[in-house]
There are 2 protein chains.
Amino acid sequence: MGLTKTQIFNVEQNELAVIFKVLSNPARIAILQYISRQDACICNDIVDEIGLAQPTISQHLKELKSIDLIRGEIEGKKVCYCINLPKWTAIQDLLNSFFNTTKSNCC
Amino acid sequence: MGLTKTQIFNVEQNELAVIFKVLSNPARIAILQYISRQDACICNDIVDEIGLAQPTISQHLKELKSIDLIRGEIEGKKVCYCINLPKWTAIQDLLNSFFNTTKSNCC
DNA sequence: TTCTATTATCGTAATATTTCTATATACAAA
DNA sequence: TTTGTATATAGAAATATTACGATAATAGAA
């Protein structure tokens, strides 16, 4: 097993689950917080800031990019990552909608 | 490996990650939505509603209970589950706080 | 061109997650 | 007490995730 049966759930349920999964790791939370704290984009000082190996950080960044939560712009040999604000807000709205709808008809 | 290095992150980052992890599965999303739709508490019609085996549902319910998102009250040989509304709201607030703080100082 | 710094990818080991079957437990009814 | 229903737990198989070292790819500097 180990395989989530996505086919038995609807698009909204699967989409929410994917978003929550991307956010379900403290390293990725820390990366998002660090990227946002540098008010301009930053590069792989992330590796120094967070205590994880460079390939590990790179992989986390890839997962954050997979749902478009951050964007990476190549600047010479460096890459500057920043929060994708429109998507960030859209996801916040989606999650609030889930929380509100679920809460509204509750015992 | 396969082991998240929680010790290098702070309490807030780990707490957020745990919450997101519990929500990161479409079955658990579906269970929450179904529980809330039955405006009184319901029992294991969940097994019939969602297309998963009874022990699988039971384990998902356990994970949802682990962060106090739902509560189960024993009624005879049945158990009635319902959303724990105060905790639900608290978590929604915590997530909004994370989204807002992270967004506020962004590029 | 060659060197060096930055980032991405590959491969792999350890652990975690999802799901199921089988079984145990709890309780109500017969 | 015995039977049946509802739920939980144990154990196992398949797959996913986390993390790292090694290596590749890229681009500016020497």
Side-chain angles (χ1 to χ4, degrees), chain A residues 1-9 13-14 17-32 34-35 38 41-67 70-82, chain B residues 1-9 13-14 16-31 34-35 38 41-67 70-82:
Chain A
M1 305 278 133
L3 176 69
T4 304
K5 291 189 164 177
T6 53
Q7 48 334 323
I8 68 174
F9 303 106
Q13 289 160 345
N14 283 307
V18 166
I19 291 168
F20 284 128
K21 181 160 289 175
V22 169
L23 294 168
S24 74
N25 180 290
R28 291 196 286 274
I29 299 288
I31 289 171
L32 289 169
Y34 182 65
I35 289 180
Q38 318 300 108
C41 304
I42 53 99
C43 317
N44 267 23
D45 322 307
I46 304 175
V47 176
D48 298 329
E49 172 73 10
I50 319 279
L52 293 171
Q54 179 269 319
T56 307
I57 296 293
S58 198
Q59 191 181 302
H60 283 309
L61 290 169
K62 193 176 175 182
E63 288 180 67
L64 291 168
K65 268 189 287 185
S66 75
I67 59 165
I70 61 172
R71 276 179 310 186
E73 274 183 40
I74 298 166
E75 292 193 359
K77 60 184 166 184
K78 300 185 177 184
V79 179
C80 284
Y81 285 101
C82 63
Chain B
M1 304 279 131
L3 178 68
T4 303
K5 291 190 162 177
T6 53
Q7 50 330 326
I8 68 174
F9 303 106
Q13 289 160 345
N14 282 307
L16 283 167
V18 166
I19 291 168
F20 284 128
K21 181 161 290 176
V22 169
L23 294 168
S24 75
N25 180 291
R28 291 195 287 275
I29 298 289
I31 289 170
Y34 182 64
I35 289 179
Q38 317 301 107
C41 304
I42 53 98
C43 317
N44 267 24
D45 323 308
I46 305 174
V47 175
D48 298 328
E49 171 73 10
I50 318 279
L52 292 171
Q54 179 269 318
T56 307
I57 297 293
S58 197
Q59 194 183 300
H60 283 310
L61 289 169
K62 193 176 175 183
E63 287 179 68
L64 291 169
K65 269 189 288 186
S66 76
I67 60 165
I70 61 173
R71 276 179 310 186
E73 275 183 36
I74 298 166
E75 292 193 0
K77 60 183 166 186
K78 300 185 178 186
V79 179
C80 284
Y81 286 101
C82 64

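Because the structure is a prediction, the values reported are computed rather than measured. In what follows, chains carry the letters A, B, and so on, assigned in the order in which the sequence lines appear, proteins first and then strands, with residues in each chain numbered from 1.
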Within less than 4.0 Å of OP1 or OP2 of D/dG4, is there a side-chain N or O belonging to B/Lys77? no
Specify the separation, in whole Å, of atom CG of B/Leu64 and atom C1' of D/dT7. 16 Å
What is the nucleic acid contact for B/Glu75, judged by heavy atoms within less than 4.0 Å: base, sugar-phosphate only, or nothing? nothing
A/Glu63 CD to C/dA8 P: how many Å, rounded? 13 Å
Any sub-3.5 Å donor-acceptor pair from A/Arg28's side-chain atoms to A/Val22's backbone N or O? yes
Taking the nucleotide of DNA chain D with the nearest heavy atom to each, does B/Lys5 or B/Leu61 sit closer to the 5' end? B/Leu61
Between P of C/dA8 and CD of A/Gln59, the distance in whole Å: 12 Å
Does A/Asn25 place a side-chain N or O at less than 4.0 Å from the phosphate oxygens OP1/OP2 of D/dT17? no
Would you say A/His60 reaches D/dT17's phosphate, i.e. side-chain N/O to OP1/OP2 under 4.0 Å? no
Atom pair CD1 (A/Ile70) and SG (A/Cys80), whose distance is rounded to the nearest 0.5 Å: 12.0 Å
Look at the side chain of B/Ser66 and the backbone N and O of B/Glu63, then say whether any donor-acceptor pair between them is shorter than 3.5 Å. yes
Contacts of B/Ser58 and A/Thr4 projected onto DNA chain D by closest heavy atom; the upstream (5') one is B/Ser58
Examine distances only and state if a side-chain atom of A/Ser24 and a backbone atom of A/Lys21 form a donor-acceptor pair shorter than 3.5 Å. yes
Taking CZ from A/Phe9 and P from C/dT19, how many angstroms apart are they, rounded to a whole number? 6 Å
Expected list for residues 45-57 of chain B near DNA chain C, using heavy atoms below 4.0 Å, is B/Leu52, B/Ala53, B/Pro55, B/Thr56
